[in-house]
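Quick notes on the structure that follows.
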Amino acid sequence: MAFAISPQPPPSSLAVPTKPDRADDPHHHHLRLLQLVNDCSDISHLKQIHARALRTAAATAHDPQAHFLHSRILHASSSLSIDYTRRVFRQVENPNAFMWNALIRACAQSGDRKEEAVSLLRGMLEDGSVSPDQYTFPFALKACAYLFALSEGKQVHAQVLKRGLGPDVYVNNSLVHFYASCGVLEDAKKVFEKMPERTAVSWNAVIDALVRFGEFSAAMGLFHEMQKLFEPDGYTMQSILSACAGLGSLSLGMWAHAYILRKCDKDVVDDILVKSSLVDMYCRCGSLGMAEQIFRRMEKHNVNSWNSMILGFAMHGQAETALDYFAQMVMEEGLMPNSVTFVGVLSACNHKGMVDEGRSYFDKMINEYSIEPQLEHYGCLVDLLARAGLIDEALDLVSNMPFKPDPVIWRSILDACCKTNARVELSEEVAKQILASGGDSCSGVYVLLSKVYASARRWDDVALIRKLMTDRGVTKEPGCSLVEIYGVSHEFFAGDITHPQTEDIYQALKEVEEKLESAGYVPDVSQASMINDEHSEEKEQSLRLHSERLAIAFGLLNRKQGTPIRVFKNLRVCNDCHKVTKLISKIYNVEITVRDRTRFHHFKHGCCSCMDYW
DNA sequence: ATAGGGTTAG
């Protein structure tokens, strides 16, 4: 608050200290004012300086010096008060590009005036007396990116080219970010590829875009390219850790961790967000222990790092610990939970079927923390209720929530219907809803509906669904499991016979089955519902070939003693595989972790961490 | 003066 050039606190009345011998020198006075404006970080002081300037000759209308001073005032105010920036701007005759930029920047950085940034650029173009420059477009594009204003941004892009700013690296970085944020990965990549000059920011922008679009391997590929040219920074590493998490590859994640420690600057190593990303990566790659270790060794936590840890415990089924961490975060560190925190908390309750707690945290979020529930929060609660068998309460919640239910929500209901036989009509209704709302999850709907019919033993309807799927060209998403051995990922589809060790794998599977049978295992065919007769031979066969069986068998053949077998599966684990995996963990005395579509299962001594609730 | 820093449900 004190003026940088004033050794004493300023007198309350006036902000401008003057020296008597120079007070009459207008040039010196002007420079003094400029200096004061530049150093100003407080809007009321800025206003005082401005007022002072207006009272002196230095600020008369056509004075070029005044014009310059106003530029500085606009620039300084743009990060302090948009209203003031706008007012000053209106008073200026013939604003130059710098002044327009200051106002556009102010709007683009504000929380609620992004639209204005775009319309100002439009006004600037229509006005035509000054041309936007290489500074204008990044500001405008930032606003477009935030607003998901694809067509506006494309027009901005056209202006960029028209005005010969095509090669500008800042503008291009903004364009990459803009296209990615508007969901057009192809265009983001195109801009990146055409850039005549790139900085580390350019690489970060495109890598981040790939990660957000789920193209994790492509992101890793570009990272390796980037390393030849630039030193990765905290932004890079956060994206890379996120890619490792997406791939679910612990060895890759550990490599990235080591890379940070070995190659990155201290400020990256100590970066709280990088550390939170590490926590998140270890959670998603199945190593809750490593995640906890990093979390505990952090010298400082914030809401992000707590969220990573809480979500981690939730996805590993450790609901009590997740809730305990939530309490610690609030009570001991006095931090304010945010909406993501509650996604973690509700998801923890969900994975353990804690209905009362879930309802109570949902209320707490609204009433105690004034957080508006988002679709995700409703999603958690609906799933929690439905899976606990409270389908009517779940439906009630769906019809009363202020969002249009998305396919994920309907799926939760349908999923629950599969497990409670009596709701065939409801399931049909829900299935209709999902199919009507379109979306890309349709194949899942057919599969679920056929499971509902199967659980009601309505085989004719199961057959009908199968026919519908054939007629409509809907295919079931193939099950696929990955298992990592010595840092190499091996991929198996259901019934896969393409792996070089296929013979050994099937031999091992056979041995496993014999051991299982002598341990009293009987196949659970309840979820092999796409086979429409009651002869279970074919069903058992299809279960036997589920991708995770192959992956686990391969893991048993090749594992290093004492290390768990880690499987990453694209679909949810079926009942029978769950049962089999539990038995394998006991008979072979091996730990197996399976990362499902939604969560982790840790199999050990014949039990699973999910306690058979998933 | 200018480009990027969270996530999130199943």
| task | Answer yes when A:K352 and A:E357 have at least one side-chain N-carboxylate O distance shorter than 4.0 Å, and no when they do not. | result | no

| request: Quickly work out the A:D280 CG to B:dG5 P distance and round it to whole Å. | output: 16 Å

| task | Could you tell me whether A:D363 and A:R359 have a side-chain N and a carboxylate O separated by less than 4.0 Å? | result | no

| task | For B:dA9, take OP1 and OP2 only and decide whether either is under 4.0 Å from a side-chain N or O of A:H351. | result | no

| request: Taking only the side-chain heavy atoms of A:V274 (C-beta and beyond), determine which of B:dT7, B:dG5, B:dA3 contains the nearest atom. | output: B:dG5

| task | Quick one: label A:V169 by what it contacts on the DNA or RNA (base, sugar-phosphate, nothing), any heavy atom closer than 4.0 Å. | result | nothing

| said: Less than 4.0 angstrom between a side-chain N/O of A:N173 and OP1 or OP2 of B:dT2, yes or no? | reply: no

| Less than 3.5 Å between a donor and an acceptor, one on the side chain of A:D271 and one on the base of B:dG5, is that the case here? | yes

| Nucleotide nearest A:S412 when distance is taken to its side chain, options B:dT8, B:dG6, B:dG10 | B:dG10

| said: Base, sugar-phosphate or nothing for A:R599? Non-hydrogen atoms, less than 4.0 Å. | reply: nothing

| field | Distance, rounded to the nearest Å, where A:N570 contributes CG and B:dG10 contributes P | value | 17 Å

| message | Would you call the rings of A:W614 and A:H601 parallel, tilted or perpendicular, taking 30° and 60° as the class edges? | response | perpendicular

| query | Looking for any heavy atom pair under 4.0 Å, which part of the strands does A:T136 touch: base, sugar-phosphate only, or nothing? | reply | nothing

| query | Does a distance-only test, which skips hydrogens and angles, find a donor-acceptor pair under 3.5 Å between the side chain of A:D406 and the base of B:dA9? | reply | yes

| said: Regarding A:D383, tell me which of base, sugar-phosphate or nothing describes its non-hydrogen contacts under 4.0 Å with the strands shown. | reply: sugar-phosphate

| field | Sugar-phosphate only, base, or nothing, as touched by A:L381 at under 4.0 Å among non-hydrogen atoms | value | nothing

| task | Identify whether the distance between the nearest side-chain nitrogen and carboxylate oxygen of A:K263 and A:E231 falls below 4.0 Å. | result | no

| query | Taking the six-membered ring for Trp, does A:Y378 stack with B:dA9 (centroid gap under 5.5 Å, planes within less than 30°)? | reply | no

| said: Considering every strand and a 4.0 Å limit on heavy-atom distances, what is the contact class for A:D233: base, sugar-phosphate, or nothing? | reply: base

| query | Who passes side-chain hydrogen bond (donor to acceptor under 3.5 Å, both in side chains) against A:K162, sequence neighbours left out? | reply | none

| task | Identify whether a stacking contact exists between A:Y135 and B:dT2, where the ring centres must be under 5.5 Å apart and the planes under 30° apart. | result | no

| task | Can you figure out which of B:dA1, B:dG6, B:dT8 approaches the side chain of A:E376 most closely? | result | B:dT8

| field | Rounded interatomic separation in angstrom, taking CZ from A:F313 and P from B:dT8 | value | 20 Å

| message | Under 4.0 Å, counting only non-hydrogen atoms across every strand here, what does A:T341 touch: a base, just sugar-phosphate, or nothing? | response | nothing

| Looking at A:D208 and A:R212, does any basic side-chain N land under 4.0 Å from a carboxylate oxygen? | yes

| query | Between atom CD in A:E197 and atom C1' in B:dA3, what is the gap in whole Å? | reply | 12 Å

| note | Closest to the side chain of A:V343, out of B:dA9, B:dG10, B:dA3, is B:dA9

| field | Nearest listed nucleotide, side chain of A:R572, among B:dG10, B:dG6, B:dA1 | value | B:dG10

| query | Over how many whole Å does the gap from A:L165 atom CG to B:dT2 atom P extend? | reply | 17 Å

| Between atom CG in A:L278 and atom C1' in B:dG5, what is the gap in whole Å? | 15 Å

| query | Rounded to the nearest Å, what distance is computed from the CZ atom of residue A:F342 to the P atom of nucleotide B:dA9? | reply | 16 Å

| task | Name the closest nucleotide to the A:N101 side chain, picking from B:dT7, B:dA1, B:dT2. | result | B:dA1

| task | State which of B:dA1, B:dA3, B:dG6 makes the closest approach to the side chain of A:H75. | result | B:dA1

| message | Measuring from the side chain of A:F139 (C-beta onward, heavy atoms only), which nucleotide among B:dT8, B:dG6, B:dA3 has the closest atom? | response | B:dA3

| Looking at the side chain of A:R105, which of B:dA3, B:dA9, B:dA1 is the nearest nucleotide? | B:dA1

| query | Please, which pairs that meet salt bridge (charged side-chain N to carboxylate O under 4.0 Å, His left out) have at least one residue in residues 378-389 of chain A, sequence neighbours excluded? | reply | A:D383-A:R387

| said: Mind checking if A:S239 touches a base, just sugar-phosphate, or nothing, with heavy atoms under 4.0 Å? | reply: nothing

| task | Please state how far atom CE in A:M195 lies from atom P in B:dA3, giving the value in whole angstrom units. | result | 14 Å

